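Note that this is a predicted model, so its numbers are computed, not measured.
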Amino acid sequence: MIKMFSSLPRRRCDYCSYSSTALRSSHRRLIHRFPNLRLNNLYTRCSMTNIEVLDNIVTEEVDHDSSPHASSCLVPITHISSEIHDTESTDLLVEGTYVDMILTTLPILSEEEQDVIAAMPAHPAGLYALYASCLAGNLVEQLWNFAWPAAIALLHPSLLPVAVMGFCTKVAVIAGAPLVGKLMDLYPRVPAYNFLTTVQASAQLLSAGMIIQAHMAHASLETSVLMRPWFIILVLAGAVERLSGMALGVAIERDWVVLLAGTNRSIALAQANAILSRIDLLCEIAGASLFGILLSKYETVTCLKLAAAFMMWALPVVIGLTWLTNKLSCGVLDRAKCPQTCCGTSSREPVPHADNLVDISMAAIKHGWDEYMKQPVLPASIAYVLLCFNVVLAPGGLMTAFLTQHGLSPSLIGGFSCLCAFMGVGATFMSAQMVKQLGILKAGAAGLILQASFLTMAVGVYWSGALSKQTALLFFLGFIVLSRLGHMSYEVVGSQILQTGIPASKANLIGATEVSVASFAESIILGVVIIANDISHFGFLAMLSLLSVVGAAWLFCRWLTKPTDIQTSLFSF
């Protein structure tokens, strides 16, 4: 016989599936009607309101008659407090809500105390491991970015093979970036990152092997040789390497660093972005210097073999540091990428199959462009793309060719490039202070205005006609060097704006699509340079670069004056 508490108020079980009276009167009838049914555990479910405390749960054994159809069952009896308390609704943090969101609900702290907390990363140990992983990976990548064009240039003085590889790389990024970004959003972070790291290292090793083969065979890169198998493999491997490197960079800059530093910890996120930019710039300087020193002392084949050995050594180091990053951050990288983690059902898309890869690629490109155009921080992203049109008034191959035509010594040209790189490192320190003093949006506007102002002065010096004089040329270069302060400041701050405004579930897709758009912009301006390749057209190209920077500054400042409701909820305008 089942003993139920008759003192239980009836109003508390208005929505009970089975009341105690019905259960008591129908229990034997239920067993008689279904003689073969054995009840191991019987649970009664109630949907109750105004219940605050569950005292305890007692399980009593029910005795039945000794008939063969009878069975014993364990019925849970719940003792519920009969007192009714008026409770207020409480907002609970669901599983998957970021811990650093508590910064928005601490009004009792002073402004100084909130700044101190905002400057503390959510997972500092994980960030340090991430810095080490980026240092090892970027050093290899920057070393190879300098090694392969130098090694190919030694085969033939023409720029055609380097131009072909560069063009194919841009095409690969334009076409494949949205698909790779979508796949990165579908798969778990750490396994996908380690897989792409392995793919990139394999492509680098394959490219090094092809160039070594060409040097050992004393191949000459004439126009007809561009169709030889080893060069075709080199172009394909270079495209895969660049596409993998792009995806890895987007994952780190748009997704991982946000989780490790904290979305609402603006100062900590700005400092993390600045450190990542410093690592990239220092690796660029170190990689070029290291391979240059090796190339001056050893043969090209020996230098390429040393570079390949360095790649093989760095691969397990990067994978191990990636695993350590996740471990030191208490598995934060294992969090679901869907922002609605509290939902019972998952909206995650099925993993695509290889049989319809073409359809998936086209759908991913269309989906990536749609999401890119619908992002709440689109003006900041377009401003970044406009800056990519500035390929003339910046350190690079075109500026090097222009200065060489003006008879500037190689030491001064090298000094100009190093000053631009070190100015970028200085901008990473300045950007964190700008975010702290001005706020993230005003800091971005200040960086763009600073770059546009210095480039305007540089173009003014050029059009003054006095560039033939050594002093005027040095002023021209000095203004370009100073403009790198604004350029790198916006690059760091702009990354943080995009990190804040883009949801984690779409970070890789939108970030990869943005890189694709930027590559398309670079392809357009390079096409213009190919058409207007005479040195006398440098002033026209400089004006195009200046107009792109001024347009980026105008677009960003106009966005600050006319924000939407979504943008206002994300940032303080």
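The closest donor-acceptor contact from the side chain of S244 to the backbone of E241 lies at 3.5 Å or more, if one exists at all. Listed for the S133 side chain is no donor-acceptor partner under 3.5 Å among the backbone atoms of A129. Remark: side-chain polar atoms of N273 are paired, donor with acceptor, to backbone N or O of L269 under 3.5 angstrom. Side chain of R484 to backbone of C420: no donor-acceptor contact under 3.5 angstrom is found. For the pair D185 (side chain) and L509 (backbone), a donor-acceptor distance under 3.5 Å is present. S545 contributes a side-chain N or O that, together with a main-chain N or O of L541, makes up a donor-acceptor pair within less than 3.5 Å.
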Dump the intermediate steps for side-chain contact (heavy atoms from CB on, under 4.5 Å) on V493 and M434, then the final yes or no.
CA-CA 9 Å; V493 176; M434 290 173 62; 5.7 Å; no

Test L393 against F479 for side-chain contact (heavy atoms from CB on, under 4.5 Å), laying out the working first.
CA-CA 10 Å; L393 299 176; F479 286 134; over 6 Å; no

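Judged by the 6.0 Å distance and 45° axis criteria, R278 is positioned over the aromatic ring of F429.
Relative ring orientation between F476 and F538 is described as perpendicular, the plane-to-plane angle rising above 60° on a 0-90° scale split at 30° and 60°. Classified by interplanar angle (parallel below 30°, tilted 30° to 60°, perpendicular above 60°), the ring pair Y372/W369 is perpendicular. Using cut-offs of 30° and 60° for the angle between ring planes, the F556 and Y490 rings count as perpendicular.
By the 6.0 Å contact criterion, OH on Y131 is enclosed, its count of non-hydrogen atoms from other residues, nucleotides or ligands being greater than 12.
Side-chain contact between V140 and V318: absent, with no pair of heavy atoms (C-beta onward) separated by less than 4.5 Å.
A centroid separation of 6.0 Å or more is found between the aromatic rings of Y187 and F195.
For the residue pair S381 and E514, a side-chain donor N or O sits within less than 3.5 Å of a side-chain acceptor on the partner. No side-chain N or O of Q142 forms a donor-acceptor pair with one of E284 less than 3.5 Å apart.
Minimum heavy-atom separation, A272 to V257: CB-CG2, 3.5 Å.
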